[in-house]
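Reading through the structure tokens given below for one structure.
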Amino acid sequence: MIIPVEISHFALSEGKEYPIHCFHLLKHVTPGHTYLNKRQISVLSAYLNRSNRTVRRYLQYLEGIGWIEPNGKVHVIKSWKKVFHQMGFRYVIGVEINPKIIKNPRAFFAGVVLGRLTNFQKYKRNSTGKGKTAISSHGGSARPGYSNYFPVADRALASILEISRSKANKLKKLAKLHGYIELKYNFYPYELNGNFIKIDNLDKHLFRKIFEDVGHKMRIDKAGRVTVQDSDLVRANLKYKKSWNYL
């Protein structure tokens, strides 16, 4: 099954990861309509590892936003095309998903969004030559073996999802923990004219002001060695495809 990538963005921004994953399960295990009786709710409960009562809340939410709709004794599960247009989604890029094997929907949705951000940078680099790459030092070249890693800052992810930076950082770690992305912490020595820099701890504040381009990223250890903590490097592990079924 292929789902629109913007659904993941919506789920994380609204904090509705489990209700949205419940919808994915309904799409996967039903032919587009179902009796939401005790048996069906028990099936969903088992997949989601949530109580029947909680699953009923998820279903009420989905009905409230119009993704499922009562029709006599059955409930209709809206098509991707209808959901896509109802939500005002714009991108026809989707991601492959088997809802039955996902244990942590939040981690999956985080992986989708992060992977989409890296894929966009990869497309930009390949089509225009202007995309960012993983660098080994200030002004250096791409790291060997890191060509498919791209920088994703916590503040950028937080801005996109309208969440705090600390939560954005936790989402990255969660997506990595569950294997949806590869994550590399991006530390490298700061160089000036090809030489590594060491400074006196008393000069930290002045040094940061002089080199304001990276001053906020600098870390200075007890020996005075200067390193730069740049944006984490991310590589997508999920499969993305265009799907014209949304239009």
Side-chain angles (χ1 to χ4, degrees), residues 5 8-9 11-13 17 93 95-97 101-192 194-198 208 211-241:
V5 293
S8 298
H9 184 170
L12 291 169
S13 296
E17 297 89 351
I93 299 297
V95 64
E96 290 186 358
I97 174 178
I101 65 173
I102 291 176
K103 303 300 182 185
N104 191 308
R106 181 173 296 165
F108 172 75
F109 291 136
V112 172
V113 172
L114 288 161
R116 172 60 176 151
L117 291 173
T118 62
N119 285 347
F120 176 76
Q121 292 187 63
K122 184 177 181 180
Y123 168 78
K124 188 176 179 182
R125 183 191 66 186
N126 292 343
S127 61
T128 67
K130 295 181 180 179
K132 295 181 180 179
T133 55
I135 57 175
S136 56
S137 62
H138 185 59
S141 58
R143 292 183 183 178
Y146 279 56
S147 59
N148 289 321
Y149 283 82
F150 295 88
V152 179
D154 290 347
R155 65 179 180 276
L157 182 61
S159 176
I160 289 167
L161 296 176
E162 299 180 327
I163 59 176
S164 68
R165 288 177 64 174
S166 61
K167 187 172 181 179
N169 183 265
K170 289 177 182 178
L171 286 176
K172 278 186 188 176
K173 292 177 180 178
L174 190 63
K176 177 184 182 294
L177 178 65
H178 288 267
Y180 297 120
I181 62 167
E182 301 297 329
L183 184 65
K184 302 288 185 183
Y185 299 113
N186 195 12
F187 292 89
Y188 52 86
Y190 190 80
E191 295 180 23
L192 185 63
N195 298 313
F196 297 125
I197 293 178
K198 287 183 68 174
R208 291 181 192 278
F211 297 94
E212 59 183 356
D213 59 328
V214 292
H216 62 289
K217 302 177 183 178
M218 285 184 175
R219 302 294 180 267
I220 303 170
D221 65 16
K222 292 181 180 180
R225 292 170 297 201
V226 179
T227 57
V228 177
Q229 182 180 0
D230 218 333
S231 301
D232 296 336
L233 303 174
V234 176
R235 187 186 74 187
N237 284 340
L238 294 166
K239 294 181 179 179
Y240 296 78
K241 292 182 178 180

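- Taking the salt bridge (charged side-chain N to carboxylate O under 4.0 Å, His left out) definition, one finds that Arg106 meets it with Glu17, sequence neighbours left out.
- For Ala168 against Ala158, the heavy-atom pair with the smallest separation is CB-N, 3.8 Å.
- Note that OH of Tyr240 is 14.0 Å distant from CZ of Phe120, once rounded to the nearest 0.5 Å.
- Counting all heavy atoms, side chain and backbone alike, Asn148 lies closest to Arg235 at O-CG, 3.3 Å.
- In plain terms, the two heavy atoms of Tyr180 and Ala107 that are nearest each other are CD1-O, 3.4 Å.
- Distance CZ/Phe150 to CG/Leu117: 11.5 Å, rounded to 0.5 Å.
- With values rounded to the nearest 0.5 angstrom, His178 atom NE2 is found 12.5 Å from Phe108 atom CZ.
- With values rounded to the nearest 0.5 angstrom, Lys167 atom NZ is found 8.5 Å from Leu161 atom CG.
- Of the listed residues (Leu114, Leu183, Ile181), just one forms a side chain to side chain contact (heavy atoms under 4.5 Å, CB included) with Val152, and that residue is Leu114.
- With Thr118 contributing its side chain and Gly115 its backbone, the two residues share a donor-acceptor pair below 3.5 Å.
- Evaluation of the salt bridge (charged side-chain N to carboxylate O under 4.0 Å, His left out) rule for Lys172 yields Asp154, Asp232 as partners, not counting sequence neighbours.
- Between the OG atom in Ser231 and the CG atom in Leu157 there is a gap of 11.0 Å [rounded to 0.5 Å].
- Atoms CG and CG, on Leu174 and Asn104 in that order, are 4.5 Å from each other to the nearest 0.5 Å.
- In this structure a side-chain-to-backbone donor-acceptor pair under 3.5 Å is present from His9 to Ile160.
- Ionic pairing of Lys241 and Glu96 is present here: one or more N-O contacts between side-chain nitrogen and carboxylate oxygen are shorter than 4.0 angstrom.
- Residues Val113 and Val5 fail the side-chain proximity criterion, which asks for heavy atoms closer than 4.5 Å.
- Residues Gly111 and Leu238 share a closest heavy-atom pair of C-CD1, 3.8 Å.
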